[in-house]
Amino acid sequence: MRLSRSFGKTLREAPAEAELISHQLLLRGDFIRPAGAGIYTFMPFGYRVIRKIWDIMAEEMDAISGQEMWMPNLHPAALWQATGRWNQVDVLYKLKASGNREYALSATHEEIVVDLSLRDIESYRDLPRMIYHISKKFRDEPRPRGGLIRLREFIMKDAYTLDRSEEALDEYYPSMLQAYTNIFDRCGVPTVMINADVGAMGGKSSQEFTVPHPQGEDEFIYCEDCGYAANVEAAGFVREGEKPATMDELSKVLTPDCKTIADVAAFIGVPTTQTLKCVFYWWRPNYVEKPGEGRMVFAMTRGDLNINDTKLVNAVGGGFIRQATEEEVRSIGAVPGYASAIGMTPAKDMESPGVMIVADESINYGGNYVVGANDDPYHYTGANYGRDFQVSRIADIAQAATGHKCPNCGGRIEAKRAIEVGHCFKLGTRYSKAVNATYLDEDGQERLIYMGSYGIGLDRLMAVVVELHHDKDGIIWPDSVAPYQVHLVHIGKDGDGTKEKAEAVYAELTAVGVEVLYDDRDGLGAGVKFKDADLMGIPWRVTVSGRSLEQGGAEVKRRSESERQIVSLDQLVATFRS
RNA sequence: CGGGGCGUAGCUCAGCUUGGCAGAGCGCUCGGUUUGGGACCGAGAGGCCGCCGGUUCAAGUCCGGCCGCCCCGACCA
């Protein structure tokens, strides 16, 4: 490609809104152009990078018996209603067409796949199958951010497995994880695989591929000693502390201006581990909140810990939660800032009357707690679980944090930020059951298809490649995903004969299949061309100039290194033909 | 949705406090000089100052509303 004919241009300065380095460099190099919050055009060079990543993914998927196809992005509402996700997936874009027809934009494609399986999977002979496609996903993200990191419209490779049983999937699953590792490695992005929460996808278990990054939006727990790694939404930890030998008497004390755990612990003179933290949520079964639907959930941990919302949702069996309003808190007899379970009747389950009180396991690792008295401004001291208050259930609902004890080896864990680039889900029968997608086994028995789904965001991965491969001058694309292999630079004056030599080099390299971007622009100084080449980050730079010709050929330089060497023109082709 | 910031030329930004001709650098066009790290000289083009309303003789500037963008949080298959 000749730069003199290329659509788009580089920028000397990045637009002010770009904060992440990948965002800045991709904008400056004109790989992407914003169209709105979380919506981008991929410019010619950016699209070439996407195609390179696309090809790598297709190769790895094909290698494990995958078949590429192309699925629709306009989904009839009926498909999403059939799986029950029409009102459950909060980021779903819904639209109305003429008449009463309703559609969803493709937030993901489980609905399409499970619908396909209805007709195409009839017998155990039709299993297992793995299909995948690369296409657009649309999600109404509340806050797009970080350039290509979080988008409203993005490009995703998603694969789907259909199996006879959990065992059959278990057998295949490691090859998928390996393929994922291969993909990321080939793109120059080493990942950490962590256990994660399945969230709204449903299913049994999931593995997330993440790249540790200070500005990542995922938080995960890592143990240096044993390698334990899990998303904070799923990470366990060992609760430490002991029950006191004797229970103190429950007594009510005046605690003015003590609305936080830190305040009250300091005022009374106890560590925060000797307090209980109470947080109130409103729970409802669907994302779309209907008046009168749902109930209060009273969550409790020891005062030194925090509630993890995802763990809490799992502890009550799914659904959605939001922070309760002050009126809702008061409706169950609790006083904000001075709340506790003392005097409350716990509900047996989510259908029963009373207050649904979910306590973290940590309340069993301490006692003689300071708790609210449900009376402003009083607290109780000497409160003990069992004697002074009851709960509906005890569960793991506290968030693991740096310094906690590893659930695997007992070492100390650390919380880190990371960018999620891929996610594998063992879905099980979550979707097949919803639409009764079955097959007949050898015994003529009808059985539910066992599903898995596996996604990678291509644009996000592209951003992460840049996060990991750049210097002060610009991007340094790994060879595998670079938009071109060679950036050919011509420097010279009209009539000095250098242009003809550069043209010849361009023609020869292109003829043998080398992808060449040729800076044939006239009238630009060497500085401008070199700055552009550094910014765009193509792995090899080949310069043809009066100086290089005097030295015997073209100057060849690797983007990632500073050495330059002269290669004679007749050996150039041999150098780059691989 | 809560908190903060921003919106003036293609990009980066000044001008707003204290109302009075719409500005600079880069980029772009033309001419010339340069030609190995964003070079120089000269001449130009380019604006609904985010939108709507209000105050005023006069609004980019003051007031109200709305929209958009960025960051933190909430949320996030």
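All chains are named by letter (A, B, ...) in the order of the sequence lines, taking the proteins before the strands, and each is independently numbered beginning at 1.
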Colleague: Does the base of B:rC76 carry an N or O that pairs as donor and acceptor with the side chain of A:Arg143 under 3.5 Å?
Modeller: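 No pair found.
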Colleague: Of all the nucleotides listed (B:rU12, B:rC76, B:rG37), which has the minimum atom distance to the side chain of A:Arg150?
Modeller: B:rC76
Colleague: Counting Watson-Crick and G-U wobble pairs only, both distances under 3.5 Å, name the nucleotide matched with B:rA58, or none.
Modeller: none
Colleague: Rounded to whole angstroms, how far apart are CZ on A:Arg145 and C1' on B:rC75?
Modeller: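 In whole Å, B:rC75 C1' and A:Arg145 CZ are 9 Å from each other.
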Colleague: Among B:rG37, B:rC76, B:rC11, find the nucleotide with the atom closest to the side chain of A:Asp534.
Modeller: B:rG37
Colleague: Could you give the distance separating B:rG2 and B:rC16 at their C1' atoms, to the nearest angstrom?
Modeller: 29 Å
Colleague: Figure out the CD/P separation between A:Glu219 and B:rC75, and round it to whole Å.
Modeller: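 About 12 Å, once rounded to whole Å.
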Colleague: Partner of B:rG64 by Watson-Crick or G-U wobble geometry, both contacts under 3.5 Å, or none?
Modeller: B:rC52
Colleague: Specify the separation, in whole Å, of atom CZ of A:Phe280 and atom P of B:rA74.
Modeller: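 Checked: the CZ to P distance equals 20 Å.
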Colleague: Counting side-chain heavy atoms from CB outward, which of B:rC71, B:rC75, B:rG38 is closest to A:Lys531?
Modeller: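 Taking heavy atoms from C-beta onward, the closest nucleotide is B:rG38.
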Colleague: Applying a 3.5 Å limit to both distances, which nucleotide forms a Watson-Crick or G-U wobble pair with B:rG73?
Modeller: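 Per the H-bond distance test, B:rC1.
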Colleague: Can a side-chain donor-acceptor contact be found between A:Glu111 and A:Tyr431 if the only test is distance below 3.5 angstrom?
Modeller: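 No, A:Glu111 and A:Tyr431 have no side-chain donor paired with an acceptor closer than 3.5 Å.
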Colleague: Can you say whether a donor on the side chain of A:Arg28 sits under 3.5 Å from an acceptor on the base of B:rG38, or the other way round?
Modeller: yes
Colleague: Taking the P atom in each of B:rG68 and B:rC52, what is the distance between them to the nearest angstrom?
Modeller: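 About 16 Å, rounded to a whole number of Å.
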Colleague: Among A:Ile155, A:Val189, A:Ile50, find the residue that satisfies the side-chain contact (heavy atoms from CB on, under 4.5 Å) test when tested with A:Met462.
Modeller: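 Answer to the side-chain contact (heavy atoms from CB on, under 4.5 Å) test with A:Met462 among A:Ile155, A:Val189, A:Ile50: A:Ile50.
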Colleague: Taking the side chain of A:Ala37 as its heavy atoms from C-beta onward, which of B:rC75, B:rG38, B:rC70 lies nearest to it?
Modeller: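 Comparing B:rC75, B:rG38, B:rC70 against the side chain of A:Ala37, the answer is B:rC70.
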Colleague: Looking at the side chain of A:Arg564, which of B:rG38, B:rC13, B:rG36 is the nearest nucleotide?
Modeller: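 So the side chain of A:Arg564 is nearest to B:rG36.
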Colleague: Reckon A:Ala14 touches a base, only the sugar-phosphate, or nothing at all at heavy-atom distances under 4.0 Å?
Modeller: sugar-phosphate
Colleague: Tell me: NZ of A:Lys557 to P of B:rG36, nearest whole Å?
Modeller: 18 Å
Colleague: For atom C1', what is the distance between B:rU61 and B:rG7, given to the nearest Å?
Modeller: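 One C1' to the other, the span is 15 Å.
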Colleague: Using only heavy-atom distances, determine whether the side chains of A:Ser453 and A:Glu110 contain a donor-acceptor pair under 3.5 Å.
Modeller: yes
Colleague: Side chain of A:Lys9 only, please: which of B:rC69, B:rG73, B:rC28 is the nearest?
Modeller: B:rC28
Colleague: Quickly work out the A:Lys493 NZ to B:rG36 P distance and round it to whole Å.
Modeller: 8 Å
Colleague: Start at the 5' end of RNA chain B and walk down; is the nucleotide closest to A:Leu535 or to A:Pro144 reached first?
Modeller: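 Mapping each residue to its closest nucleotide by heavy atoms, the 5'-most match is A:Leu535.
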Colleague: Mind checking A:Pro15 for me? I need base, sugar-phosphate or nothing, with any heavy atom below 4.0 Å counting as a touch.
Modeller: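 Contact class for A:Pro15: sugar-phosphate only.
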Colleague: Who does B:rG10 pair with, Watson-Crick or G-U, both distances under 3.5 Å?
Modeller: B:rC26
Colleague: Could you give the distance separating B:rC62 and B:rG19 at their C1' atoms, to the nearest angstrom?
Modeller: 8 Å
Colleague: Just how far, in rounded Å, is P of B:rU33 from CG of A:Asp522?
Modeller: 16 Å
Colleague: Answer with base, sugar-phosphate or nothing: what part of the nucleic acid does A:Gly457 contact at a heavy-atom distance below 4.0 Å?
Modeller: nothing
Colleague: With nearest nucleotides of RNA chain B determined for A:Ala16 and A:Val528 from heavy-atom distances, which residue corresponds to the more 5′ nucleotide?
Modeller: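 Closest to the 5' end, via its nearest nucleotide, is A:Ala16.
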Colleague: Is it true that the NZ or CZ of A:Arg541 lies under 6.0 Å from the centre of A:Phe530's six-membered ring and within 45 degrees of the ring axis?
Modeller: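 Judged by the rule, A:Arg541 and A:Phe530 form a cation-pi pair.
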Colleague: In terms of side-chain geometry, is the basic nitrogen of A:Asp471 or A:Arg559 positioned less than 4.0 Å from the acidic oxygen of its partner?
Modeller: yes
Colleague: Name the nucleic acid region contacted by A:Glu555, choosing base, sugar-phosphate or nothing; use a 4.0 angstrom heavy-atom cut-off, strictly under.
Modeller: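 Base contact.
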Colleague: More than 12 non-hydrogen atoms from neighbouring residues, nucleotides or ligands closer than 6.0 Å to NZ on A:Lys137, yes or no?
Modeller: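 Counting other residues, nucleotides and ligands, NZ of A:Lys137 exceeds 12 neighbours.
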Colleague: Count the heavy atoms belonging to other residues, nucleotides or ligands that lie under 6.0 Å from CD of A:Gln323, then report whether that count exceeds 12.
Modeller: no
Colleague: As a test of reading the structure: which of B:rC71, B:rG27, B:rU12 is closest to the side chain of A:Arg12, going by heavy atoms?
Modeller: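 Among the listed nucleotides, the one closest to the side chain of A:Arg12 is B:rG27.
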Colleague: Please determine, for B:rC21, whether a Watson-Crick or G-U wobble partner exists with both distances under 3.5 Å, and give it or none.
Modeller: none
Colleague: Grab the CG-P distance between A:Leu312 and B:rA74 for me, whole Å please.
Modeller: 15 Å
Colleague: Given atom CG of A:Asp519 and atom C1' of B:rU35, what is their separation to the nearest angstrom?
Modeller: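 These atoms are roughly 14 Å apart.
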Colleague: Going by purine N1 to pyrimidine N3 plus the second Watson-Crick contact, or the G-U wobble pair, all under 3.5 Å, which nucleotide sits opposite B:rC40?
Modeller: B:rG32
Colleague: Indicate whether any N or O donor in one side chain lies under 3.5 Å from an N or O acceptor in the other, for A:Asp218 and A:Thr210.
Modeller: no
Colleague: B:rG38, B:rC72, B:rC69: which one has an atom nearest the side-chain heavy atoms of A:Glu17?
Modeller: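 The listed nucleotide nearest to A:Glu17's side chain is B:rC69.
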Colleague: What does A:Phe154 touch in the nucleic acid at a heavy-atom separation under 4.0 angstrom: a base, only the sugar-phosphate, or nothing?
Modeller: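 Answer is base: heavy atoms of A:Phe154 come under 4.0 Å of a base.
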Colleague: Write down the distance separating the C1' atoms in B:rC21 and B:rA59, rounded off to the nearest Å.
Modeller: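 Their C1' atoms lie roughly 14 Å apart.
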Colleague: From B:rG73, B:rC75, B:rC11, pick the nucleotide closest to the side chain of A:Glu13?
Modeller: B:rC11
Colleague: The side chain of A:Thr10 lies closest to which of these nucleotides: B:rU12, B:rU35, B:rG38?
Modeller: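 Among B:rU12, B:rU35, B:rG38, the one nearest the side chain of A:Thr10 is B:rG38.
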Colleague: With rounding to the closest Å, how many angstrom separate the P atoms on B:rC69 and B:rG27?
Modeller: 30 Å
Colleague: Rounding to the closest angstrom, what is the interatomic distance between B:rG37 and B:rC6 at atom C1'?
Modeller: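 My reading of the C1' atoms in B:rG37 and B:rC6 gives 34 Å.
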Colleague: For A:Thr301 and A:Asp360, does a side-chain donor sit closer than 3.5 Å to a side-chain acceptor?
Modeller: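 Not at all, the side chains of A:Thr301 and A:Asp360 share no donor-acceptor pair under 3.5 Å.
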Colleague: Can you tell me whether the side chain of A:Arg541 and the base of B:rG37 have a donor-acceptor pair closer than 3.5 Å?
Modeller: yes
Colleague: Using the C1' atom on both, measure B:rG20 against B:rU56 and round to a whole Å.
Modeller: 12 Å
